[in-house]
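First the structure, in the form of structure tokens, and then the observations on it.
Below, read A as the first sequence line, B as the second, and so on, with proteins coming before strands; counting in each chain starts at 1.
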There are 2 protein chains.
Amino acid sequence: MYTIGKLSKNTGVTVRTLDYYDEIGLIKPSSKTSGGHRLYSEDDVMRLERVLALKYMGFSLEQIKDILENSTSNWLESIQQQLELVKREQERLKMLEQALLGVSYSIEFEGEINWPIIFSMIKLYQQDPGDVLEKYKEYLNEDEMKKIVDMSVENMSEEDIQAWLRVVGDIRNNLHLDPNSEKAEQLVLSWADQADKMFGNDEELLGNMWEALQNLQEGIAFYPMNKDVIDFIKCVALAKGGQTHDS
Amino acid sequence: MYTIGKLSKNTGVTVRTLDYYDEIGLIKPSSKTSGGHRLYSEDDVMRLERVLALKYMGFSLEQIKDILENSTSNWLESIQQQLELVKREQERLKMLEQALLGVSYSIEFEGEINWPIIFSMIKLYQQDPGDVLEKYKEYLNEDEMKKIVDMSVENMSEEDIQAWLRVVGDIRNNLHLDPNSEKAEQLVLSWADQADKMFGNDEELLGNMWEALQNLQEGIAFYPMNKDVIDFIKCVALAKGGQTHDS
DNA sequence: TATAAAACAACACGTTGCGTGTGGTTCAAT
DNA sequence: ATTGAACCACACGCAACGTGTTGTTTTATA
């Protein structure tokens, strides 16, 4: 027989919690002293342990009461419902993590809060990515849209993301460079390399994407490229001679 | 200028929620009619959108108020704290999923609730797995313990889990068979194959594990093997002749 | 055995982010 | 001018306790 304090110490559950479980009829002490102090038996301890196990599994106290009371209740079903719930929650968190990562990248790059980009990020991972890429429909066909969606942060390797952020970031930090300079050319070449690597040899896609970027100049696809970067790349390409291999 | 109802319809946020946001000073309408009806400006709508974005990212309304009010607040830090939080929560859910899976398997196999097994499952994924395998310390050395922990459900392939559950389950469902029968021998052979596959060719580990199982007869490691299964395997092995290749 | 200290019971209020009313007021359309 | 819809303000409720407060019982010490 344990007093509520001893039980609390043994199980790590606070007295208030045991108080509450008594109050809602989840764990009622099987006896009391003449003075009214609660005494918990070994059976009560067992019940508490079961309650804690079920709580860990994510059931509500109401559900736990139901499960422990109704021996007719279908355990397997309850567990598997929880499993489904946990899986869905994991999916949600994965999306959330990607969105947060995206926002984090965006803040690092912009140096300030770019709300439209943040909204796009969230939408992108929240529901229909097609919605976010709406604006590109004019320039890209179905297949190309799909390809880009599949290629979004979600499915790119961490290295590719880093590399892409780096090459674009390098350009953004050096927009003041003379388009004729050696350095500028090198930056653009690095960028072209990475673009090639990521978009493969699909010249048509690259072309359409380039056109879309030139006209829309900002957006979630190909983030963090923006108008300035595009203009810079164009300038450098032009400076290098009429023959541009980018557009 | 939107009335609260229009704003609600446009954004999908309930009137009560906007009510609440007004109440806690998160989004105060920038003007009111002479009669006291709230009127929301475009700026208010923008603020609402930001609030929703931050809410999606998992911040509390209190934090959101802070973030939006104090432009001095460190965005990057906030976001990355959230990221950490989300990652930790994902870890927790992974563990929880494994525990639930384990419990699910256990119910399917026992046909009833085996609380000790459930407790073991939870402990196994909750903290120190060494604790759960305490009893085996007598029979297995450090390296072997580590090997088994690494091999627990968490890191086994889904196929191996299924196969293991199947071969052991097959035996549990056929404990009534004559140990001399063809079927019995086949069952035990299948079991031995899978055991070999999973524990490699580490004969010593297999031997010690077998000894531990014989003496402890129940537990979380090698679940769902139990006393009955072990006895059956021993019987069949003996029936086949003095030469057992299992022990 | 008397008394002080510790533990306990019972009650109440606070927390988060709203849902769900209720009664009275204001707006928009007829 | 009237009526129905929209609106405001207020209040209670939820889950699972945390954090007191006051008064009683138990336990330890003198």
Side-chain angles (χ1 to χ4, degrees), chain A residues 1-41 44-45 47-68 82 85 89 92 96, chain B residues 1-41 44-45 47-68 82 85 89 92 96:
Chain A
M1 285 297 181
Y2 304 87
T3 65
I4 201 169
K6 303 294 176 193
L7 183 57
S8 166
K9 264 180 196 159
N10 284 344
T11 59
V13 179
T14 67
V15 172
R16 174 62 180 121
T17 298
L18 293 170
D19 227 20
Y20 182 62
Y21 291 171
D22 184 11
E23 193 181 320
I24 65 172
L26 183 55
I27 299 176
K28 287 206 165 295
S30 43
S31 57
K32 290 192 174 185
T33 68
S34 55
H37 284 194
R38 288 166 282 207
L39 293 174
Y40 292 87
S41 70
D44 295 333
V45 177
R47 188 172 166 97
L48 173 59
E49 273 166 358
R50 293 176 182 189
V51 166
L52 294 181
L54 290 168
K55 202 154 88 77
Y56 173 77
M57 293 191 234
F59 292 102
S60 73
L61 298 187
E62 192 73 28
Q63 290 176 303
I64 293 175
K65 230 169 96 177
D66 237 55
I67 293 176
L68 289 181
Q82 272 302 307
L85 227 150
E89 181 66 4
R92 203 183 65 84
L96 181 51
Chain B
M1 285 296 179
Y2 304 87
T3 66
I4 200 168
K6 302 292 176 193
L7 182 57
S8 165
K9 265 181 196 158
N10 283 346
T11 59
V13 178
T14 67
V15 172
R16 174 61 180 119
T17 298
L18 294 170
D19 225 21
Y20 183 62
Y21 290 171
D22 184 10
E23 193 181 321
I24 63 172
L26 184 56
I27 300 176
K28 288 207 164 296
S30 44
S31 56
K32 292 193 173 185
T33 66
S34 55
H37 284 196
R38 289 167 281 208
L39 292 175
Y40 292 87
S41 69
D44 296 333
V45 177
R47 188 170 166 98
L48 174 58
E49 274 165 358
R50 294 176 181 190
V51 166
L52 294 180
L54 290 168
K55 203 154 88 76
Y56 173 77
M57 293 192 235
F59 292 101
S60 73
L61 299 186
E62 191 73 27
Q63 290 175 303
I64 294 175
K65 229 169 98 177
D66 237 54
I67 293 175
L68 289 182
Q82 272 302 306
L85 226 149
E89 180 67 4
R92 202 184 66 84
L96 182 51

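Comparing atom distances between the B:His37 side chain and each of D:dC10, D:dA6, C:dA10 picks out D:dA6 as nearest. Closest to the side chain of A:Lys9, from the set C:dA7, C:dA9, C:dG17, is C:dA7. Counting only heavy atoms from C-beta on, B:Arg16 has its side chain closest to C:dG19 among C:dG19, D:dC8, D:dG18.
Computed from coordinates, the B:Asp22 CG to D:dC10 C1' distance equals 14 Å when rounded to whole Å. Atom-to-atom, CG of A:Asp19 to C1' of C:dC11 comes out at 10 Å; the value is rounded to the nearest Å. A straight line from OH of A:Tyr40 to P of C:dC8 spans 10 Å, rounded to a whole angstrom. Rounded to whole Å, atom P of D:dT26 lies 15 Å from atom CE of A:Met1. If you measure from atom OH of B:Tyr20 to atom P of D:dC12, you get 17 Å, rounded to the nearest angstrom. Rounding to whole angstrom units, CD1 of residue B:Ile4 and P of C:dC27 are separated by 15 Å. Whole-Å rounding puts the A:Lys32 NZ to D:dT24 C1' distance at 14 Å. Following rounding to the nearest Å, A:Glu23 (CD) and C:dA12 (P) show an atom-to-atom distance of 11 Å.
For the side chain to side chain contact (heavy atoms under 4.5 Å, CB included) with B:Met1, the lone residue among B:Leu7, B:Asp44, B:Leu39, B:Thr33 that qualifies is B:Leu39. For the pairing with B:Leu48, the side chain to side chain contact (heavy atoms under 4.5 Å, CB included) check across B:Asn10, B:Leu18, B:Thr17 returns one residue only, B:Leu18.
In terms of position on DNA chain D, the residue among A:Tyr21 and A:Gly35 whose nearest nucleotide sits closer to the 5' end is A:Tyr21.
For the pair B:Thr33 and C:dC27, the criterion of a side-chain N or O lying under 4.0 Å from OP1 or OP2 is met. Under 4.0 angstrom from either OP1 or OP2 of C:dC8 there lies at least one side-chain N or O belonging to A:Thr3. For the pair A:Arg38 and C:dA9, the criterion of a side-chain N or O lying under 4.0 Å from OP1 or OP2 is met. Contact check, B:Ser34 against C:dT26: no side-chain N or O comes under 4.0 Å of OP1 or OP2. Distances shown here put a side-chain N or O of B:Lys55 below 4.0 Å from the OP1 or OP2 atom of C:dC18.
In this structure, the side chains of A:Tyr56 and B:Leu96 come closer than 4.5 Å at one or more pairs of heavy atoms.
Formation of a donor-acceptor pair under 3.5 Å by the A:Lys28 side chain with backbone atoms of A:Asp22 is found in this model.
The residues B:Glu89 and A:Arg92 are annotated as not salt-bridged, no charged nitrogen and carboxylate oxygen being separated by less than 4.0 angstrom.
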